Amino acid sequence: MAAVGASATLLTNTKSAEEPVRPVANFPPSVWGDLFLSFSLDNSMMEEYAEAMEEPKGQVRKLILDPTMDSNKKLSLIYTVHRLGLTYMFFKEIEGQLDRLFKEFNLEDYVEVDLYTISTNFQAFRHLGYKLSCDVFNKFKNYDSNTFKESITSDVRGMLGLYESAQLRLKGEKILDEASAFTETKLKSLVKTLEGSLAQQVKQSLKRPFHQGMPMVEARLYFSNYQEECSRHDSLLKLAKLHFNYLQLQQKEELRIVSQWWKDMRFQETTPYIRDRVPEIYLWILGLYFEPRYSLARIIATKITLFLVVLDDTYDAYATIEEIRLLTDAINRWDIGAMSQIPEYIRPFYKILLDEYAELEKQLAKEGRANSVIASKEAFQDIARGYLEEAEWTNSGYVASFPEYMKNGLITSAYNVISKSALVGMGEIVSEDALAWYESHPQILQASELISRLQDDVMTYQFERERGQSATGVDAYIKTYGVSEKEAIDELKKMIENAWKEINEGCLKPREVSMDLLAPILNLARMIDVVYRYDDGFTFPGKTLKEYITLLFVGSSPM
Ligand SMILES: CC(C)=CCC/C(C)=C/CC/C(C)=C/COP(=O)(O)OP(=O)(O)O
Ligand SMILES: [Mg+2]
Ligand SMILES: [Mg+2]
Ligand SMILES: [Mg+2]
């Protein structure tokens with residue numbers, strides 16, 4: 001009987017050896033299907049928009065340079081240009097104006113100025129890197145009780161401006177910490193009493209302040225919600241409309257290209273267990289930079305980030321620990337000869353990964369900038385090791401201490417590999433020095449990584465805990481400091497807020513590198529707010545991301 005028993009056991013073992021238990025997650029399917037494949041770009045239309053922009057662009061440039069314009073009006077113009085996403089067209093002119101206005105700044109001049117004007121001036125300076133003192137808001141506080149004057153609560157536009165200004169605060173700017181809480185509470189209590197565009201403006205800012213928003217979307221929302229400000233100068237209104245139409249054509253073409261590439265690579269067939277999120281990842285990368293000159297950069301960065309989705313879902317939601325060890329080793333070896341050691345199902349991914357990077361390295365070598373591709377590749381190998389570490393913890397049920405978790409977590413935040421991948425297509429601005437600065441793992445990049453890691457954990461830890469993942473920042477914090485789940489989450493949120501202040505500081509002059517190189521890091525942090533402020537907006541993309549994708553790529557641009 002033993003024989004039968006043995007053979008039966010053998011049969012069972014043989015059977016189980018074929019099909020191990022896999023932690024599949026049954027992720028929600030794609031929202032969009034092949035919708036974006038059918039777009040066909042009319043190049044002549046794009047050229048028409050580009051030509052039509054020249055005249056109003058010249059008009060706006062004259063306005064920015066106009067020496068007779070009063071300084072508050074000039075700052076208001078610069079602020080509106082910035083909110084419409086047009087700063088990049090007039091960067092030198094605007095810097096020249098702000099250099100002068102910042103030098104001339106005198107607190108005395110603000111004694112009679114209203115809260116809204118002071119707020120837009122403050123934002124204009126801070127967004128463009130000038131550290132205007134937060135003392136400009138002191139006059140709105142009662143000296144004795146050190147609280148904000150009740151009188152300003154009736155000035156809704158002023159309160160809204162103060163709320164938006166407070167998002168730019170740095171460590172130690174206590175008045176802005178208070179202002180953020182004070183204005184948010186007051187605005188929430190009165191928003192229902194408001195009407196018209198002011199109601200829209202307050203609702204939008206309370207949903208997500210401009211500073212934490214996605215620049216491309218924020219520009220479209222500003223255009224819709226601030227008609228009065230946008231139509232103060234006809235040339236600006238005209239330029240903004242043409243600009244939105246030009247960008248939409250370019251972006252829909254880029255989205256078509258990456259969607260077609262994804263379909264041709266057949267990832268949904270070879271690795272069907274992954275999240276099918278091409279438009280969402282393209283939107284994420286668009287959030288880094290929307291300037292037309294970064295079109296190729298967006299396509300490259302989108303492809304590499306899509307590789308990360310395949311990798312993360314393979315480690316989290318499909319592969320066994322043995323398979324993860326073999327795949328991590330293969331990625332570290334980065335050699336097509338390693339194909340034979342990895343499971344069948346992941347070989348197409350591995351081959352495409354190596355081919356894509358080889359092609360990029362060849363292309364960039366022609367410009368003498370293959371180093372940016374190598375930096376991205378090394379960061380990719382790094383995150384695979386980071387994902388393996390998480391998988392080993394989960395496999396052994398080990399709960400890392402919070403410091404240990406965070407050391408690995410900054411890597412698995414993926415913001416090191418994504419920010420380096422974003423550099424690949426950016427052109428000659430990515431000098432050896434620029435790359436060396438990124439490789440030095442600067443404070444602002446670490447802050448963006450921390451925000452990515454911890455905000456994601458705060459929003460996905462239950463889902464991941466249910467699935468047996470032992471490595472999340474929440475559980476590591478609870479275990480290390482012996483606090484409740486709620487206290488842990490509150491502490492993580494404080495760390496996120498602190499990281500934002502570090503990012504705000506890192507964008508102020510004198511800067512370590514140009515704003516062009518800082519913007520992707522700032523915008524990566526912003527995209528975490530877009531995706532994870534209210535829920536796990538990436539796994540379940542039916543709310544914010546669906547709304548933004550519809551606004552930018554399905555809806556028509558403002559004519
Ligand atoms: C961590 C993070 C928000 C990264 C953002 C950058 C990015 C798009 C990375 C690609 C992998 C991915 C989609 C992770 C987020 O989902 P997840 O919750 O499954 O990530 P996790 O497995 O690292 O927790
Ligand atoms: Mg995951
Ligand atoms: Mg993961
Ligand atoms: Mg997660």
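Start at 1 and go down the list; that is how both ligands and their atoms are numbered. Note that this is a predicted model, so its numbers are computed, not measured. Values below: all heavy atoms of this structure, side chains included; hydrogens, waters and symmetry mates excluded.
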Inset, instruction - Examine ligand 1 and decide if any of its atoms is less than 4.0 Å from a heavy atom belonging to Arg275. - result: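 In this structure, Arg275 qualifies as a contact of ligand 1 - some heavy atom is under 4.0 Å.
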Legend entry - Residue-ligand contact Arg453/ligand 1, heavy atom below 4.0 Å: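 Judged by the 4.0 Å heavy-atom criterion, Arg453 does count as contacting ligand 1.
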Inset, instruction - Could you check Phe36, Phe307, Tyr282 and say which one makes a ring-ring contact (aromatic ring centres under 6.0 Å, His included) with Trp261? - result: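 Answer to the ring-ring contact (aromatic ring centres under 6.0 Å, His included) test with Trp261 among Phe36, Phe307, Tyr282: Phe307.
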For the residue pair [X] and [Y], categorise the inter-ring angle as parallel (less than 30°), tilted (30 to 60°) or perpendicular (more than 60°).
| X | Y | answer |
| --- | --- | --- |
| Phe267 | Trp262 | tilted |
| Trp393 | Tyr405 | tilted |
| His127 | Phe210 | perpendicular |
| Phe27 | Phe463 | tilted |

Under a 4.0 angstrom heavy-atom cut-off, which atoms of ligand 1 come close to [X]?
| X | value |
| --- | --- |
| Phe538 | 13 (C) |
| Tyr532 | 3 (C), 15 (C), 16 (O) |
| Tyr415 | 5 (C), 6 (C) |

Legend entry - the Mg ion (ligand 4) to nearest N/O/S of Thr460 less than 2.8 Å: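 Short answer: yes, at least one N, O or S atom is under the cut-off.
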Is any NZ, NE, NH1 or NH2 atom of the basic residue among [X] and [Y] found under 4.0 Å from an Asp or Glu carboxylate oxygen of the other?
| X | Y | result |
| --- | --- | --- |
| Glu428 | Arg369 | no |
| Lys407 | Glu404 | no |
| Arg453 | Asp457 | yes |
| Glu173 | Arg126 | yes |

Legend entry - Nearest-neighbour protein heavy atom for atom 5 (C) of ligand 1, which is reported as residue plus atom name and distance: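 Looking only at protein heavy atoms, the one closest to atom 5 (C) of ligand 1 is Trp284 CZ2, 3.5 Å.
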Legend entry - Closest protein heavy atom (residue, atom, distance) for atom 10 (C) of ligand 1: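 Answer for atom 10 (C) of ligand 1: Leu308 CB, 3.8 Å.
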Inset, instruction - Report the part of Ile418 (side chain from C-beta onward, or backbone N, CA, C, O) that has a heavy atom under 4.0 Å from ligand 1; answer both or neither where that applies. - result: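 Near ligand 1, Ile418 shows its side chain, while the N, CA, C and O stay back.
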Legend entry - Per-residue contact class, Gln455 against ligand 1 - non-hydrogen pairs under 4.0 Å: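 No part of Gln455 is near ligand 1 at this cut-off.
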Inset, instruction - Kindly confirm whether the Mg ion (ligand 3) is within less than 2.8 Å of some N/O/S atom in Glu390? - result: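 No N, O or S atom of Glu390 is closer than 2.8 Å to the Mg ion (ligand 3), so no.
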Legend entry - Whether Asp312 has an N, O or S atom under 2.8 Å from the Mg ion (ligand 3):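 Of the N, O and S atoms in Asp312, at least one lies under 2.8 Å from the Mg ion (ligand 3), which means yes.
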Considering both backbone and side-chain atoms of [X], is one of its nitrogen or oxygen atoms within less than 3.5 Å of a nitrogen or oxygen in ligand 1?
| X | value |
| --- | --- |
| Asp312 | yes |
| Glu464 | yes |
| Asp457 | no |
| Asp316 | yes |
| Asp456 | yes |

Legend entry - Close side-chain approach of Asp516 and Arg293, heavy atoms under 4.5 Å: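 Answer yes - side chains close enough.
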Legend entry - Metal-centred angle, OE2 of Glu464 through the Mg ion (ligand 4) to OD2 of Asp456, rounded to 10 degrees: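 Approximately 170° at the metal, rounded to tens of degrees.
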Inset, instruction - Determine whether the aromatic ring centres of His82 and Tyr222 lie less than 6.0 Å apart. - result: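 Between His82 and Tyr222, the centre distance exceeds or equals 6.0 Å.
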